[in-house]
Amino acid sequence: MGIIKDTITIYERLCEKDYRITLETGSSFLLRFDKKHYHHLAGYHYLTDLVGIAAPPYGKARFYRHLKNNKLPEAQITQSMLFPLIAERMTAFGEIEKILSASDCKIIVAFNKNKAGSDIEAKFFLYHRNGNPLRGSVTYYSLFIGYDPLGDTYYPATYLVEHSTKYVRGQVLLNCKIEQIPRA
């Protein structure tokens, strides 16, 4: 199985559940993965050298179905000159499941994009860290959570693999509990 097929398999598992996230403040919200979110989480928007990949003309949910059903060859995508920009993200796609594992003791970040010098539109992010920033080598696998006030819904906005404390530094950290709820 190739790297893209691996991400599809992982994403299918993520879509089988909803994730109730309860903050230490007592407020909670439901995070839901939909097929249309996969495109941005995997980083396809960076592959601007391939026609119809960075901005699929038929929509992101259909793009996902095409990948899943082998109507869009993996070799076509991995041959992009820009694929190295997303290769690490795709290789580490399984970290999203670790980030969302059920637990009573997780840290969620109330994200302020100005403090991070970022354009990411997100209300929160959850992360899994490997290494120690005080010892030099650190990798943050971060799932940013957006909020749509029109539908009053929370969604996975983007996923990043970062080798610095850029997104954590200066942010408000809160304890949270994550519950996985099977979809009906």
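- In this structure, the side chains of Ser142 and Leu126 stay at 4.5 Å or more apart for every pair of heavy atoms.
- Put simply, the side chain of Lys5 gets close to the backbone of Leu67: a donor and an acceptor are under 3.5 Å apart.
- Minimum heavy-atom separation, Ala116 to Tyr167: CB-CD2, 4.0 Å.
- Of the possible polar contacts, one joining the Thr7 side chain to the Ile4 backbone as a donor-acceptor pair under 3.5 Å is found.
- With a 6.0 Å radius and a threshold of 12 heavy atoms from other residues, nucleotides or ligands, Lys35 has its NZ atom above the threshold.
- A distance of 10.0 Å separates OG1 in Thr78 from CG in Leu47, rounded to the nearest 0.5 Å.
- Although no hydrogens or angles enter the test, the distance criterion places a donor-acceptor pair under 3.5 Å between the side chain of Arg183 and the main chain of Cys15.
- One hydrophobic cluster, built from ILVMFWY side chains closer than 4.5 Å, holds both Leu72 and Phe83.
- A side-chain donor-acceptor contact under 3.5 Å links His37 to the backbone of Asp34.
- Here the straight-line distance linking atom CD1 of Ile181 with atom CZ of Arg20 works out to 4.5 Å at 0.5 Å rounding.
- In this structure, Tyr141 has its ring center no closer than 6.0 Å to that of Tyr159.
- The two residues Thr22 and Ser28 come nearest to each other via the heavy atoms OG1-CB, 3.5 Å.
- Between Tyr44 and Tyr38, the ring center distance clears the sub-6.0 Å criterion.
- With 3.5 Å as the limit, one finds a donor-acceptor pair spanning the side chains of Asp152 and Tyr147.
- Under a 3.5 Å cut-off, the side chain of Asn175 and the backbone N or O of Cys105 do not form any donor-acceptor pair.
- Neither side chain, Ser101 nor Ser103, offers a donor N or O lying under 3.5 Å from an acceptor on the other.
- Using a 4.5 Å cut-off on side-chain heavy atoms (C-beta onward), Leu41 and Tyr11 make contact.
- Remark: aromatic rings of Tyr140 and His128 are distant, center separation not under 6.0 Å.
- For Lys115 (side chain) and Gly170 (main-chain N/O), a donor-acceptor pair under 3.5 Å exists by modelled atom type.
- Between Ile3 and Met90 the shortest heavy-atom distance is CD1-CB, 3.6 Å.
- Checked by atom type, the side-chain pair Thr139/Asn130 shows no donor-acceptor distance below 3.5 Å.
- Here OH of Tyr46 is found 11.0 Å from OG1 of Thr48. Values are rounded to the nearest 0.5 Å.
- With contacts defined as side-chain heavy-atom distances shorter than 4.5 Å, the pair Thr158/Arg89 qualifies.
- Clustering ILVMFWY residues whenever any of their side-chain heavy atoms sit less than 4.5 angstrom apart, transitively, puts Ile107 in a cluster other than the one holding Leu143.
- Within the 3.5 Å criterion, the main-chain N or O of Gly146 finds no donor-acceptor partner in the side chain of Glu121.
- Between the CG atom of Asp148 and the OH atom of Tyr155 there is a distance of 6.5 Å, given to the nearest 0.5 Å.
- Distance check, rounded to the nearest 0.5 Å: CZ of Arg32 to OH of Tyr19 gives 11.0 Å.
- The main-chain N or O of Lys71 is never found under 3.5 Å from a side-chain atom of Asn69 such that the two would form a donor-acceptor pair.
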Start with the C-alpha distance between Ile178 and Ile108, add both sets of side-chain angles, then the distance that settles side-chain contact (heavy atoms from CB on, under 4.5 Å), and finish with yes or no. CA-CA 10 Å; Ile178 299 176; Ile108 191 166; over 6 Å; no
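- The distance from atom NZ of Lys177 to atom CG of Leu23, rounded to the nearest 0.5 Å, is 12.5 Å.
- Scanning both residues, His39 and Ile53, for their nearest heavy atoms gives NE2-O, 2.7 Å.
- Both Leu173 and Leu160 are members of a single hydrophobic cluster when ILVMFWY side chains are connected at heavy-atom separations under 4.5 Å.
- Val138 and Val161 are assigned to two separate hydrophobic clusters, defined by single-linkage of ILVMFWY side chains at heavy-atom distances under 4.5 Å.
- Exactly one of Phe144, Tyr127, Phe124 qualifies for a ring-ring contact (aromatic ring centres under 6.0 Å, His included) with Phe111. That residue is Phe144.
- Ion pairing of Lys98 with Glu95 is present here, as a side-chain N (NZ or NE/NH1/NH2) and a carboxylate O approach within less than 4.0 Å.
- Of the possible polar contacts, one joining the Arg129 side chain to the Gly131 backbone as a donor-acceptor pair under 3.5 Å is found.
- Between His163 and Glu88 there is a side-chain heavy-atom pair separated by less than 4.5 Å.
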Which is it for Ile145 and Lys123 under the side-chain contact (heavy atoms from CB on, under 4.5 Å) test, yes or no, and what are the steps along the way? CA-CA 6 Å; Ile145 301 168; Lys123 192 165 179 95; 5.8 Å; no
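- Side-chain contact between Ile10 and Arg13 is present, with at least one heavy-atom pair separated by less than 4.5 Å.
- Of all heavy-atom pairs spanning Pro84 and Met81, the tightest one is CD-O, 3.4 Å.
- Under a hydrophobic-cluster definition in which Ile, Leu, Val, Met, Phe, Trp and Tyr are linked whenever side-chain heavy atoms come within less than 4.5 Å, directly or via other members, Ile120 and Val172 are assigned to different clusters.
- The shortest distance between side-chain heavy atoms of Phe33 and Leu100 falls below 4.5 Å.
- Of all heavy-atom pairs spanning Leu14 and Glu97, the tightest one is CD2-CG, 3.9 Å.
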Intermediate values then yes/no, side-chain contact (heavy atoms from CB on, under 4.5 Å), Lys68 and Glu12: CA-CA 10 Å; Lys68 181 180 172 187; Glu12 285 291 306; 3.3 Å; yes
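- At most 12 heavy atoms of other shown residues, nucleotides or ligands fall within 6.0 angstrom of atom NZ in Lys36.
- The side-chain heavy atoms of Phe125 and Val168, taken from C-beta on, include a pair separated by under 4.5 Å.
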